[in-house]
Amino acid sequence: MSDATPSADETLVVGELAGAHGVRGWVKLKSFTDPAENLVHYANWRLLLPGPGAATGSREVRLAEWRWHSERLIGRLEGIADRDAAAALTGAQVTVPRSELPAPSDGWYWADLMGYEVHNLEGVVLGRLRDVMDNGAQDIMVVAGTRERLIPFVRGPVVHGVEEAQRRILVDWGEDY
């Protein structure tokens, strides 16, 4: 991970193609945006294709149409007309240029904080932020150190601050938790 401030030219992962839907080239969409349908409002997607496999690398795509189906977003991409072509894109990450995203309400996106050191109030380094999960009630930081820790991102009682200049997150969390 770079120590540099993210540029507007960078892309951020905002979703994932979770598999084919039907036989006409539609795909299941897994959104990482809040609310979920914000994913479909971005005009240009760059897919980061998983490898190795039939489809690897990256490619620009446009979402031709979308809708909700059984509480899940599904969409049809331009140029994808059958189930096999849609299935070949399973696992592709949907990215958009940072310049197309709204300014983050906290001043940062989770992607900006990956790799930050997580310190407790006693100054002990618990590890580095490796991932973030959503348990439905709050975001959970996955901190990799001497062991993996799951720390709720709850401002005030747990998270006392994000210090961007020091690339550090300060938490009230015991070393033995």
Side-chain angles (χ1 to χ4, degrees), residues 1-2 4-116 128-144 148 150-155 162:
M1 172 168 273
S2 168
T5 301
S7 76
D9 296 335
E10 289 182 39
T11 60
L12 291 180
V13 176
V14 293
E16 183 177 299
L17 303 187
H21 176 83
V23 296
R24 297 188 174 150
W26 285 68
V27 293
K28 299 172 192 168
L29 302 171
K30 181 178 179 182
S31 176
F32 302 146
T33 64
D34 184 21
E37 62 267 21
N38 278 357
L39 172 67
V40 300
H41 297 304
Y42 298 110
N44 300 306
W45 290 358
R46 174 168 287 282
L47 297 181
L48 301 179
L49 304 167
T56 60
S58 68
R59 66 188 267 196
E60 300 281 337
V61 296
R62 293 188 62 83
L63 184 66
E65 56 187 315
W66 69 276
R67 64 184 161 97
W68 285 99
H69 178 78
S70 300
E71 299 184 21
R72 173 184 281 258
L73 286 170
I74 59 172
R76 187 179 61 77
L77 304 175
E78 290 181 0
I80 304 296
D82 62 52
R83 182 176 184 80
D84 291 340
L89 299 174
T90 299
Q93 293 182 319
V94 178
T95 69
V96 297
R98 179 182 285 269
S99 60
E100 290 187 20
L101 298 171
S105 58
D106 292 326
W108 38 261
Y109 289 105
W110 281 119
D112 300 331
L113 303 183
M114 293 299 140
Y116 273 33
R128 290 187 180 272
L129 181 61
R130 183 177 57 81
D131 199 2
V132 176
M133 307 182 310
D134 180 6
N135 73 357
Q138 70 256 334
D139 293 318
I140 306 291
M141 298 186 294
V142 179
V143 178
E148 184 176 275
L150 303 177
I151 302 174
F153 194 88
V154 179
R155 290 183 185 269
V162 174

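- Nearest heavy atom pair, residue R76 against residue I80, reads CG-O, 4.1 Å.
- Distance check, rounded to the nearest 0.5 Å: CG of L17 to CG of L29 gives 6.0 Å.
- Side-chain contact between I74 and W66 is absent, with no heavy-atom pair separated by less than 4.5 Å.
- No side-chain heavy atom of M141 sits less than 4.5 Å from a side-chain heavy atom of L113.
- The distance from the CG atom of L63 to the CG atom of L77 is 6.0 Å, given to the nearest 0.5 Å.
- Of all the heavy atoms in V96 and W45, the pair that sits closest is CG1-CD1, 3.9 Å.
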For R59 and L89, run side-chain contact (heavy atoms from CB on, under 4.5 Å): C-alpha distance rounded to whole Å, both residues' side-chain angles, the deciding distance at 0.1 Å, then the answer.
CA-CA 11 Å; R59 66 188 267 196; L89 299 174; 4.0 Å; yes
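- Note that the CD atom of E16 and the CD atom of Q93 stand 6.5 Å from one another [nearest 0.5 Å].
- With contacts defined as side-chain heavy-atom distances shorter than 4.5 Å, the pair L129/V142 does not qualify.
- In this structure, the side chains of V14 and L101 come closer than 4.5 Å at one or more pairs of heavy atoms.
- To the nearest 0.5 angstrom, L49 atom CG is 10.5 Å from T90 atom OG1.
- Closest approach of S31 and L73 over heavy atoms only: CB-CD1, 4.2 Å.
- Residues that satisfy the side chain to side chain contact (heavy atoms under 4.5 Å, CB included) test with R24, not counting sequence neighbours, are W26.
- With ring centers used as reference points, F153 lies under 6.0 Å from W110.
- At a threshold of 4.5 Å between non-hydrogen side-chain atoms, the residues E148 and R130 count as touching.
- A pairwise comparison of heavy atoms in R128 and G115 identifies NH1-O, 2.7 Å as the closest pair.
- Side-chain contact check for V94 versus Y42: every heavy-atom pair is 4.5 Å or farther apart.
- Remark: H41 NE2 to T33 OG1 distance equals 8.0 Å, nearest 0.5 Å.
- Of the residues listed (D131, N135, V132), the one engaging I140 in a side chain to side chain contact (heavy atoms under 4.5 Å, CB included) is N135, and it is the only one.
- Around NZ of K30, the count of heavy atoms belonging to other residues, nucleotides or ligands within 6.0 Å does not exceed 12.
- Residues R83 and G22 come closest through the heavy atom pair NH1-O, 2.7 Å.
- For the pair L150 and M133, the minimum side-chain heavy-atom distance is below 4.5 Å.
- Note that CZ of F32 and CG of L12 are 12.0 Å apart. Values are rounded to the nearest 0.5 Å.
- When all heavy atoms are compared, the tightest approach of A20 to K28 is O-CE, 3.3 Å.
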